[in-house]
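Letters go in sequence order (proteins before strands), and every chain restarts at 1. Hydrogens, waters and symmetry mates play no part in the numbers below; they use all other heavy atoms, side chains included.
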Amino acid sequence: MKLLPSFFQDTSTVELARALLGKVFVYETSLGIISGVINETEAYNEEDEASHTFGGNRTPRNEVMFWEGGHLYVYFTYGMYHCMNVVSESADYGSAVLIRSVIPVEGMEIMTKYRYGDTPIPVFPLTGERGKRGSKKNLCNGPGKLCIALGITKEQNGANLCTKDSKIYLEERGYHFSEIVTTSRIGISKGQEKMWRFYAKEEDLKREEKWV
DNA sequence: TACGCGATCGTG
DNA sequence: ACGATCGCGTAT
């Protein structure tokens with residue numbers, strides 16, 4: 001069952017960032033289902049100097065951050081990488097949660113192809129040249145890496161995660177982390193005082209026997 | 001129209 | 001510690 005709009009809209013962005021840990025990100029692609037447990041996030045909102053939307057700054061690039069919670073915001077950075085965010089709160093308030101890492105669940109073979117260039121769909125930059133074959137741990141542990149592994153580009157920017165026929169969505173599957181760490185965010189200069197990064201260690205991952 | 005920088009990553 | 005590489009925002 002897909003997470004509903006209320007899940008994304010009825011809490012603050014910082015609370016949502018925490019609540020997203022343990023949820024499963026799912027992408028139904030033409031090659032098969034790709035999914036992973038979210039284990040690292042960061043919150044960004046209009047009151048935050050590090051946010052694209054600081055002070056209500058609304059541009060073509062960050063437009064999706066102002067849509068209602070439950071959309072996907074994808075942007076391009078460092079001239080090489082995409083980063084993916086889950087839009088939060090209500091329409092016309094610019095806020096989102098950056099997904100920094102997931103633990104692969106389904107479709108690791110597809111992720112490996114996307115990361116290392118064995119795919120017949122050669123869409124992603126630099127996938128063939130770099131690095132060593134991904135272990136489960138190394139495949140999606142970073143905001144740029146996970147977009148390559150999951151096949152997320154600007155084409156998916158603005159996708160609605162909550163419609164009946166959406167191919168990209170989030171689910172509750174009973175995954176649970178025993179310990180959540182709260183820290184300052186990575187790669188920002190302003191807003192370092194905000195403790196808006198949340199992560200869990202992979203070895204803490206547990207799965208309940210039953211789930212809703 | 002021009003320029004400087006960045007919510008990164010893998011290698012050294 | 002550093003270079004790759006380009007879209008976007010800000011300034012001209």
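- Taking atom CZ on Phe54(A) and atom P on dC5(B), their separation rounds to 20 Å, with Å as the unit.
- dC5(B) atom C1' lies 12 Å from atom NZ of Lys190(A), rounded to whole Å.
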Let's go through Tyr44(A) and His52(A) carefully: what are the C-alpha distance in whole Å and the side-chain angles of both, what is the deciding distance for ring pair (Phe, Tyr, Trp, His ring centres under 6.0 Å) to 0.1 Å, and is it a yes or a no? CA-CA 8 Å; Tyr44(A) 291 86; His52(A) 294 164; 7.4 Å; no
Derivation and outcome, ring pair (Phe, Tyr, Trp, His ring centres under 6.0 Å), residues Phe25(A) and Tyr27(A): CA-CA 7 Å; Phe25(A) 181 89; Tyr27(A) 185 11; 7.2 Å; no
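- Counting to the nearest Å, the P atom of dT10(C) and the NE2 atom of His52(A) are 11 Å from each other.
- Geometric assessment of Arg61(A) against the ring of Phe76(A) yields a negative cation-pi assignment under the 6.0 Å and 45° thresholds.
- Ile188(A) comes within contact range of the sugar-phosphate backbone alone, with a heavy-atom separation under 4.0 Å but no base atom that close.
- Nucleotides dC5(B) and dT12(C) place their P atoms 14 Å apart, quoted to the nearest Å.
- Across the protein-nucleic acid pair, Glu42(A) atom CD and dT8(B) atom C1' stand 12 Å apart, rounded to whole Å.
- Among the heavy atoms of the strands, none lies under 4.0 Å from Met84(A).
- Once the 5.5 Å centre distance and the 30° plane angle are applied, the aromatic ring of Tyr81(A) is found not to be stacked with the base of dT8(B).
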Stepwise side-chain contact (heavy atoms from CB on, under 4.5 Å) test for Met108(A) and Ile34(A): CA-CA 7 Å; Met108(A) 268 192 68; Ile34(A) 306 178; over 6 Å; no
Might you list the N or O atoms of the protein lying below 3.5 Å from N or O atoms in nucleotides 7-9 of chain C, with each pair's distance?
{"from": "dC8(C)", "atom 1": "OP1", "to": "Lys154(A)", "atom 2": "NZ", "distance (Å)": "2.8"}
{"from": "dC8(C)", "atom 1": "O3'", "to": "Arg61(A)", "atom 2": "NE", "distance (Å)": "3.4"}
{"from": "dG9(C)", "atom 1": "OP1", "to": "Thr59(A)", "atom 2": "OG1", "distance (Å)": "2.3"}

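- Every residue two or more places apart in sequence or in another chain that forms a salt bridge (Lys or Arg N to Asp or Glu O under 4.0 Å) with Glu42(A) is listed here: Arg100(A).
- Distance CG (Leu146(A)) to P (dG10(B)): 11 Å, rounded to an integer number of Å.
- For Tyr75(A) and dC5(B), the OH to P distance is 18 Å, given to the nearest whole Å.
- Considering only side-chain atoms of Met80(A), the nucleotide from dG10(B), dA4(C), dA7(B) that sits closest is dA4(C).
- Of the nucleotides present, dG3(C) is the one that pairs with dC9(B) by Watson-Crick or G-U wobble criteria, both distances under 3.5 Å.
- Arg197(A) has no side-chain polar atom (N or O) that falls below the 4.0 Å cut-off from OP1 or OP2 of dA7(B).
- Straight-line distance between the C1' atoms of dG10(B) and dG7(C): roughly 22 Å, to the nearest whole Å.
- Between the side chains of Lys137(A) and Asn141(A), no donor-acceptor pair is found at a separation under 3.5 Å.
- Here dT8(B) presents its P atom at 13 Å from NZ of Lys145(A), a figure rounded to the nearest Å.
- Within 6.0 Å of atom CD in Glu193(A), more than 12 heavy atoms from other residues, nucleotides or ligands are found, so the atom counts as buried in its surroundings.
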